[in-house]
Every structure is written in structure tokens, then in C-alpha cells.
There are 2 protein chains.
Amino acid sequence: MATGRTHRPATRSRGIPEATVARLPLYLRALTALSERSVPTVSSEELAAAAGVNSAKLRKDFSYLGSYGTRGVGYDVEYLVYQISRELGLTQDWPVVIVGIGNLGAALANYGGFASRGFRVAALIDADPAMAGKPVAGIPVQHTDDLEKIITDNGVSIGVIATPAGAAQPVCDRLVAAGVTSILNFAPTVLSVPDGVDVRKVDLSIELQILAFHEQRKAGEESAAHEGAAVPPVAHDETTDQGPDGDVPAVMPA
Amino acid sequence: MATGRTHRPATRSRGIPEATVARLPLYLRALTALSERSVPTVSSEELAAAAGVNSAKLRKDFSYLGSYGTRGVGYDVEYLVYQISRELGLTQDWPVVIVGIGNLGAALANYGGFASRGFRVAALIDADPAMAGKPVAGIPVQHTDDLEKIITDNGVSIGVIATPAGAAQPVCDRLVAAGVTSILNFAPTVLSVPDGVDVRKVDLSIELQILAFHEQRKAGEESAAHEGAAVPPVAHDETTDQGPDGDVPAVMPA
DNA sequence: ATCTGTGAATCCGTTCACAGCA
DNA sequence: TGCTGTGAACGGATTCACAGAT
């Protein structure tokens, strides 16, 4: 069939599985690297290796987007970059505000991955009056008082919260009230938001705790070859699967 | 080496599902807050609300740890804090090194959540000689040349990589060679590591891209009330479930 | 001959609903 | 009565394995 159009099987899926959505950025990154090296096509096997997943998963993922490959050959790199970018909504440019310009907020503001992928830091906001006007990453910090105006003036729909835990929910409420519908939360708090607002959470201490769990298990296994009598070293998981995706992070108050 | 086998032995009760492990830190945080307010017991319903999950999931999660609740009453807060801490391996204290002391590395070093939860920043390492000796968060930065010695001297098994993407794999290799077996990677790269080494990844631009996807979908739905004829607005998920919708992380061998 | 696309099988996690105990 | 603990049902995600396209 003619590739190149949003072939939309009305009967079924307009829904790409969440797990697949979470991997698209991974594929996109790998493809972008190939594109920069002017590689014209890539097989599912090669691309999967570059993205850190297995090829069956990758092909299944791509099958949700449509039939963008060529049997016997592989995928056209440029074409796939475009299709995935479009699917992720990166062909437009999303203004983002960062609230809470402490160490982490500053790091985020300076993070180059923003601009390069469809995101633009529209404003930096902090509650400390002493910060107001000070440029961070070339962008002057604005005071929290102007939050609502900043959001509406810039048409911001994505907000990043990098405040201390205690400030996160109030900030979140104001962002949502002003029209933000997607939030990336670095504060170690469970945010409550109305229906229709997405929250993703990044929590450093949680990630470390998960690592500690596995670390402890490894240490225990070294000596504990007993217990039960039939517990092989269980080398954890098999394939090169790197992705935590989603959670956790942190910023902690005193 | 493709088909990595790794039989997963029918792990008995010692095998807590990954998804559950990923939530334990969440419960622990909520419980710690309750503990600080001297709340003696809590029901699955209350604790679930505080952690941002539903109560059935929480009870199921706890059932993997053992029967720590009292029917008709709830869970003893202090006891649960202890049990979960133990399960996560937080009753011991884990020395951690942070490699790459740029904006992000500094933010991580300053992050209070470390010390408070069983982790101790044993050293900060950077490749820039100009940084050497300069204290960040009260800890003097050391040069990459001494990486191996620092790891072994401090018995470090958990490393945090906050370097630019290009430096991540070489740093990772050196960490692993020196004895590190768990890595938290903030660099936007797929790391390859030998079997037995855990890698978790935190990637800001990926999180934003996932948000952009949903954001785009929301925008599209506003006007597109057609298509199919039987596709209700599907307000994403129902309950304010903050979890990363189910993905779990990572372990990856080479 | 090679590599994609995908049904079918399987695995894992979530939710349901109720039995069991305080 | 109230709330935990858990088998069973369910649903989503991963893997398998092969049909189909080039």
C-alpha cells in the first residue's frame, strides 16, 4: 500500500501502546545519530542494537505506526526520523517553563537536549526575589508572581517542576489553572491534578533505591548458595534492555 | 550470543516483581512522612492514596513481602518502614560516586535525598583538572585519573554518570572494571555493560517527548470528534495514577 | 535469500472480588 | 464489622515463529 499516509484503521487502533510510545524517543535518538552519519537504511536488528532493545520488539513497535520498512532491506533512516518525530509531536515546537531554579532547575535550563528536540525553554520561574532578572542559561529568571501571565502569554502547555517538595503542589495547581496540561515533576511528591492533565515523575532517590535493592540481592547471592537448594544465580535479565522509563527523581527539602 | 538464555528459575518467594520493587520507595516515602507525624497505623486505602496508587495494588505488593498487616486494622507504620527499608537494602549505607560534575552533577551532589536514605556521596569525580580540589556540596572534586583508586578505596558499588554523552561509555567501562555493579545513567546514551551489572537510565528529553506525544493527542482530540464514530475522548487513564504507567526498568548486559 | 510485518503464544502486572481473620 | 491477603480473571506487553514481500 502507498506508504506515506496516515493509514488509519478506523476499526482498530488509533492507540499506540504506552510502552511503545516510551520507546519511540529511544529509536529517534538512534536514528538521528545514523542520519548524521548519512546512513541511508538500517535493519531492525541494527537499529534495535543501537537503541538497546531486541529486534522483535522494535518491529512490533513500528508496526503500530504503519508499514514503514521494506522487506529484505530494512528501514529508510530519514523517513523513519520524520515519521517518529511527527508521531511524537516534535515537528512543532513546544514552549516549556521551568519552575524552581535551584541547582536542578539550572541544570535543566542548561540542558542542551531541549532545544534540539522540539522544545524551547520559554521561561524560568523562581520564588526567590533575589533571583529575578538574573540570567540562567541566558534566560532571565522571572518571579513566581507572574507565573500565570507567563503561561498564557507564551501559550505554554508543558511545565517542569524543580522546586522543593513543599512548593510542588501549589505550583502545580497554579500551572494547571493557567492552562498547563502536561507536567514533568522532579519534586519528590505525589501531585494531584485534574483529569486530562498528564504528570510524569522523575525521582533520583527512587532510582537509587531500586538499584540498592538489586545490589543487595547480588551481594546476598555470592555467599548464599543455599536457601531452598534450587536457586541458581539468576543472572537477572537477559537481553540488553536498558530503559527505565518512567519514574522517579527527586529534590528534597531539608 | 544473540538469544540470551538466562532461564528464570521459578523464583519462589524470594522473587519480588520488578513493578513492585519500583513502588516500594514510594510507599517508604509516604510511610516516613506518616512516621514523622507519629501516626501509628495506616490502612491500605489511606497509604495508597498518599503514595498515589490504588489500594488493591498496594495490598498485592505488600503480600509479596509477607503478611505485615492486621486485618480489620491496617499496617503498623514503624514496622512497615523497617521491613521495606530492609527489603530495599537501605539498612546499610551505600557509598556512591558521581562522575561528571557539571550543572547536573552538582545538582545531584547537593541533593539532600541521598544522605537521608541510606546513600552517601563518597566522591565527586570530574575530568576537568580545573575542577580538582574545588568543593561542591562540601565535597572536593577529584580527577578522573584517580577513579579506580577512589572506587576500590571506598568500596563503591553504585555509580552515577552525569557526564556528557560522549564520555559516558568510557566512564562506565572504567567504573565497571573497578568493581561498580550498579549504574544510574543521566547521559543520553545506551550503555553496554557486562552481565550482572544493572543500569538504570534517567533521560529528560525522553520524558518530555512522551509528554509531547500525549499533549499532541489532546490537542488533536479537541477538534477531531469524528474518526471511527465510537471513540470517546478517552481521558487517558482514570485515577490520578502517577506512576509511569508501567514500565519498569532496566537491566542490561552487553 | 533476506528482512519486515504480524498472528499466536506467553509472560507479567493489574484489578476484581471475596474468603479469612482480628 | 472492617480491612487484609490472595486466588482468579483480565488485559497489556513481550516474545516466538513464520508468512509475505522484495
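So that the names make sense, note that chain A is the first sequence line, chain B the second, and so on, each numbered from 1.
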Establish, yes or no, whether a centroid distance under 6.0 Å links the rings of B:Tyr79 and B:Tyr68.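 Centroid separation for B:Tyr79 and B:Tyr68: below 6.0 Å.
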For the helix from C:dA1-D:dT22 to C:dA22-D:dT1, figure out the bend between the end axes, five pairs an end, and round to 10 degrees.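 Helix axis angle between the two ends: 0°.
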Just the rounded figure in Å: distance from [atom2] of [N] to [atom1] of [X].
X	N	atom1	atom2	result
B:Lys60	C:dC16	NZ	P	13 Å
A:Glu18	C:dC12	CD	P	21 Å
A:Arg71	D:dC18	CZ	C1'	11 Å
A:Ile16	D:dG12	CD1	P	15 Å
A:Leu58	D:dT14	CG	C1'	13 Å

Please tell me which of the listed nucleotides, C:dT4, D:dG2, C:dC18, lies nearest to the side chain of B:Arg59?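 Nearest to the side-chain atoms of B:Arg59, counting from C-beta on, is C:dC18.
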Map A:Ala56 and A:Val73 onto DNA chain C by nearest heavy atom, then report which one ends up closer to the 5' terminus.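 Final value for this comparison: A:Val73.
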Side-chain N or O of B:Asn54 less than 4.0 angstrom from OP1 or OP2 on C:dT14? no
Short side-chain N/O contact from A:Lys57 to OP1 or OP2 of D:dA13, under 4.0 Å: no
Can a donor-acceptor pair be found between the side chains of A:Thr189 and B:Arg29 at a distance below 3.5 Å?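 There is no such pair (donor and acceptor under 3.5 Å, judged by atom type) between the side chains of A:Thr189 and B:Arg29.
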Describe the nucleic acid contact of B:Phe62 in one word from base, sugar-phosphate, nothing, applying a heavy-atom distance below 4.0 Å.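 Contact class for B:Phe62: none.
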